[in-house]
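So the structure is just underneath, and the comments pick up after that.
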Amino acid sequence: MARMKFLCDADRCIECNACVTACKNEHEVPWGINRRRVVTINDGKPGERSISVACMHCSDAPCKAVCPVDCFYQTAEGIVLHNKDLCIGCGYCFYACPFGAPQYPQAGNFGTRGKMDKCTFCAGGPDPDHSEAEYKKYGRNRIAEGKLPLCAEMCSTKALLAGDGDRVSDIYRERVVARGFGSGAWGWGTAYQMKSGS
Amino acid sequence: MTSWCKAALAALTLMLGLAAAGMPARAADTTSAGAPAGTHQLNTGADADVWRAIRQGVQGTSSLPNPRAGVLIQSEGESWRALRNGPIATYGAWALAGILVVLVLFFLFRGRIRLDAPATGRTVQRFNALERGTHWLTAGSFIVLALTGLNVLYGRWVLLPVIGPEAFAALTGWGKLAHNYLGFAFMAGVLVTFLLWVRHNIPERADLTWFAQAGGLFSKNVHPEAKKFNAGQKVIFWATVLGGAGLGFTGLALLFPFSFGGLQDMQLYQMIHAVIALAMAVIIIGHIYIGSVGMEGAFDAMGSGQVEEEWAREHHALWLAEVKGERIDPRPHGHHAPAE
Ligand code: HEM
Ligand code: SF4
Ligand code: SF4
């Protein structure tokens, strides 16, 4: 069984934000929520690097571990999804997440933050595949259509890779060998290292 | 429990492996036996520093208005998870179970503490309506806050398997709302409690005697003298006032995210909130016991506000003398022959 992973090749990302836009459009993500974002380190200075980041679908996911209502689940392919019908908007998953992935429709907790929203690896949620309810809450389910995440598909420089972790690292390894250098598979240590399970 | 252990272990590994983790990725995931190459082929030395800085939480820029969007990795979340799901939850559970066991043992060993002398049939007023109202405002809100708060911490392990995910999520959602709003009732209650009673709760010499005799809790006919509040009650008072202030502050910080600090502060406030809440729950369970089943006549003080005179003489001799305008009996266990 494939283990789905994201990899952003920081030697390629040009901070065009196509992935961010593609994601927002594909899933009709509400205003104020960005499931994916591009961060630039050393902007305008030597050694500038840009990285596109979203939920990394961690092994032994921290969000899943702290959720008071236990509303996360991990698919057989390692994709971390959650059930918005159960979420109480407590914000704990955001405290735990290393990548700042969980987002909320409201800023304040007084009353509520609203239901948590995050990247689904374009795999929808617990509602029936391709249902109206699933689309409204989680966006399109491309995985069920046999497709991979749109952000990576739209990436202009193919910096962002998404798919079976073995294939992704093969592609990345080939690149590194061909060009003679590489900054490393960014975030993999945090997301997948030292962690048990799928 | 096993996942807590795993989390704690992960935190340990995280701390020990901080230096190692600072390095760019090493994909040790079992499913990707072939780690991405290039890890050891960094083109410049500066690069390694950049990756290490990112791993340690350095902030870049992003085009989003969200001020926290620039952080790529915050490792503190893993420590927060490990501490909250680990020691805080585990020791908290032991403490809660511990106090229950202690109280059951105490009840079996000592039984209900009854009056040592026959009741007089006369009563004196101990707490007026304002004092009782404040007490029940604080107590009522505390109980709901404690139950809903403990549900956030433990419900997933205790209640969810029993009532199922949908019912549990609905309950926890309502519980969260109750927790968020009743916090203000509790804070008001603690504030008025403080104003009403602080002058009766200043520590003094007699408190040492009270402690030395363990308040007479363990033996019949031993009744160290006390004014309006004995040393044990003073401990409860200060635990409530200080604990309540701590819970109120950290609770407000959780209620208005990022108004009192950044993400790491939020994690810290959350943990402080949980620790104080657990400690207070343990203390208050003891308080509830002694104020109800544990001692004959105690509940009336907060019920009708009128206590039996003999009860007052045994437990608050100096206060009773004050109320009745008597001279204070100098004898240490002076409930046997009050000057009347
Ligand atoms: C004084 C006013 C208080 C305020 C404003 C307050 C607020 C909060 C907030 C915002 C949370 C985060 C979870 C949520 O959104 O529901 C929380 C959690 C919690 N509160 Fe309170 N709270 C207060 C008093 C108390 C009291 C009196 C107790 C019980 C003794 C308590 C026990 C807890 C517990 C156990 C948690 C969960 C901790 C965890 O999950 O690790 N709180 N509180
Ligand atoms: S990146 Fe964050 S939200 Fe995604 S699985 Fe990991 S901890 Fe959960
Ligand atoms: S915000 Fe929702 S998904 Fe996140 S921990 Fe709280 S209940 Fe779970």
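Computed from a prediction, not measured in an experiment: that's the story for all the values here. Below, read A as the first sequence line, B as the second, and so on, with proteins coming before strands; counting in each chain starts at 1. Side chains included, hydrogens not; waters and symmetry mates left out as well; all remaining heavy atoms used.
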Which portion of [X] sits near chain A, non-hydrogen atoms under 4.5 angstrom:
| X | answer |
| --- | --- |
| Val152(B) | both |
| Leu64(B) | side chain |
| Glu76(B) | neither |
| Ile54(B) | side chain |
| Leu160(B) | side chain |

* **Side-chain (Arg12(A)) to main-chain (Thr157(A)) donor-acceptor, under 3.5 angstrom** => yes
* Asked: Does the cation-pi check pass for Lys5(A) over Tyr192(A), that is, NZ or CZ under 6.0 Å from the six-membered ring centre and within 45° of its axis?
  -> yes
* Asked: When you look at Arg142(A) and Glu26(A), which way does the salt bridge (Lys or Arg N to Asp or Glu O under 4.0 Å) test go after all the steps?
  -> CA-CA 10 Å; Arg142(A) 292 171 54 89; Glu26(A) 179 76 347; 3.5 Å; yes
Relative to chain B, which of [options] shows the most heavy atom pairs under 4.5 Å?
| options | value |
| --- | --- |
| Val53(A), Asp164(A), Val38(A) | Val38(A) |
| Ile41(A), Asp85(A), Asp43(A) | Ile41(A) |
| Gly91(A), Cys67(A), Gly100(A) | Cys67(A) |

* Asked: Does the distance from a Lys or Arg side-chain N to an Asp or Glu carboxylate O, for Asp170(A) and Arg173(A), drop under 4.0 Å?
  -> yes
* Salt bridge check: are Glu78(B) and Arg81(B) linked by an N-O gap of less than 4.0 Å? -> yes
* For side-chain hydrogen bond (donor to acceptor under 3.5 Å, both in side chains), just list the numbers for Gln74(B) and Gln56(B), CA-CA rounded to whole Å, side-chain angles, deciding distance to a tenth of an Å, and then say yes or no. => CA-CA 7 Å; Gln74(B) 60 103 10; Gln56(B) 288 163 2; over 6 Å; no
* Asked: Can Thr40(A) and Arg49(A) be counted as having a side-chain donor-acceptor contact under 3.5 angstrom?
  -> no
* Distance-minimising heavy-atom pair for Lys118(A) and Phe72(A) -> CE-CE2, 4.0 Å
* Asked: What part of Asn34(A) lies closer than 4.5 angstrom to a heavy atom of chain B: side chain, backbone, both or neither?
  -> side chain
* Identify which part of Asn83(A) has an atom lying under 4.5 Å from any heavy atom of chain B, answering side chain, backbone, both or neither. => neither
* To do: Report the option among Gly175(B), Pro65(B), Ala169(B) that has the most heavy-atom pairs separated by less than 4.5 Å from atoms of chain A.
  => Ala169(B)
